[in-house]
Amino acid sequence: MSSDTTQTSHARNRLPFKAALAVVLLMALAYTAHDTLQIGEPLFSLISFVPGAISVWVLLAAGFSLEACNLAARWFSRRGIAVLGLAFLLLLPVLLSGRLLPGWDPLATFVYAPASGVAQELYFRSALLPALKKGLGGRLWPALLVHCLIFVGYHFRTFRSIGAVGPAMVVGVVLFLGGLAWGWHSQRDRTILWTSVQHSLFLMAMSLFTWG
């Protein structure tokens, strides 16, 4: 069998991109519902990886490469680290607005928080953003904006717990800009390694504080 015939056969066996995109978008609803329901740990953290894993799998089945899904292990660029620095400055006031918890749960800090950070990056930056970019004709900024809106919507439980409109709007803006920074970085450096590290560290710090 010639190489051309093999390539044609592989192309025919690929999952249609529209079907893959539909699955990825459906996983956004499933992921949001999962976060809203808040089942107990450790099951909650384990299930958190399912939307991202399924979404990446269908994109690979549709012909995406690991690099296209931002799953390469790469060092960060100068622009990339600068954007992560801006994200840190953006997220810092959120921590400073809280107060330290009287107790401390090591599992929440060292297991569940980083698990959530990595799971979110796997779905939003390794699957949703690349799928939207291809679906929008390769245009990065429209894909970034749409992915950020979905990222903000995923945090429905956070907004419900805040209650007040003013603080909820501030949190929404922070989430949008944070998602924008992490999304741009993952596309610029073709990896979610460093966004996963920063996201996880932020959630680990968040586990030490309370608000309201």
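Quantities reported herein were computed from a predicted structural model and do not represent experimental measurements.
- Among residue pairs with one or both ends in residues 52-72, those qualifying as salt bridge (Lys or Arg N to Asp or Glu O under 4.0 Å) are Glu67-Arg74; sequence neighbours excluded.
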Could you walk me through whether Ile150 and His147 pass side chain to side chain contact (heavy atoms under 4.5 Å, CB included), step by step?
-> CA-CA 5 Å; Ile150 297 175; His147 126 280; 5.8 Å; no
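- The only option from Leu21, Val23, Leu29 that meets the side chain to side chain contact (heavy atoms under 4.5 Å, CB included) definition with Leu25 turns out to be Leu21.
- More than 12 heavy-atom neighbours from other residues, nucleotides or ligands sit within 6.0 angstrom of CH2 on Trp104.
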Pair Leu101-Leu208, side chain to side chain contact (heavy atoms under 4.5 Å, CB included): steps then yes or no | CA-CA 6 Å; Leu101 285 167; Leu208 304 175; 5.7 Å; no
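- With sequence neighbours excluded, the residues forming a ring-ring contact (aromatic ring centres under 6.0 Å, His included) with His199 are Trp182, listed by chain and number.
- Shown here are the side chain to side chain contact (heavy atoms under 4.5 Å, CB included) partners of Leu107, two or more places apart in sequence or in another chain: Asp105, Val111, Tyr112.
- Remark: Thr32 engages no residue in a side chain to side chain donor-acceptor pair (under 3.5 Å) (not counting sequence neighbours).
- A search for side chain to side chain donor-acceptor pair (under 3.5 Å) contacts involving Lys133 returns Gln187, not counting sequence neighbours.
- The ring-ring contact (aromatic ring centres under 6.0 Å, His included) check on Phe156 picks up nothing, with sequence neighbours excluded.
- The salt bridge (charged side-chain N to carboxylate O under 4.0 Å, His left out) check on Arg79 picks up nothing, with sequence neighbours excluded.
- In this structure a side-chain-to-backbone donor-acceptor pair under 3.5 Å is present from Ser186 to Gly183.
- At distances below 3.5 Å, at least one donor-acceptor pair connects side-chain atoms of Ser126 with backbone N or O atoms of Cys69.
- Contacts of Tyr154 classified as ring-ring contact (aromatic ring centres under 6.0 Å, His included), with partners at least two apart in sequence or in another chain: Tyr31, Phe124.
- The stretch residues 30-55 participates, sequence neighbours left out, in these salt bridge (Lys or Arg N to Asp or Glu O under 4.0 Å) pairs: Asp35-Arg157.
- Take Leu149 and apply the side chain to side chain contact (heavy atoms under 4.5 Å, CB included) test, not counting sequence neighbours, and it matches Phe176.
- Residues forming a side chain to side chain donor-acceptor pair (under 3.5 Å) with His155 (at least two apart in sequence, or on another chain): none.
- For Phe76, the ring-ring contact (aromatic ring centres under 6.0 Å, His included) partners are Trp194, not counting sequence neighbours.
- Between the side chain of Tyr123 and the backbone N or O of Ile54, no donor-acceptor pair lies under 3.5 Å.
- Within the 3.5 Å criterion, the main-chain N or O of Pro106 finds no donor-acceptor partner in the side chain of Thr109.
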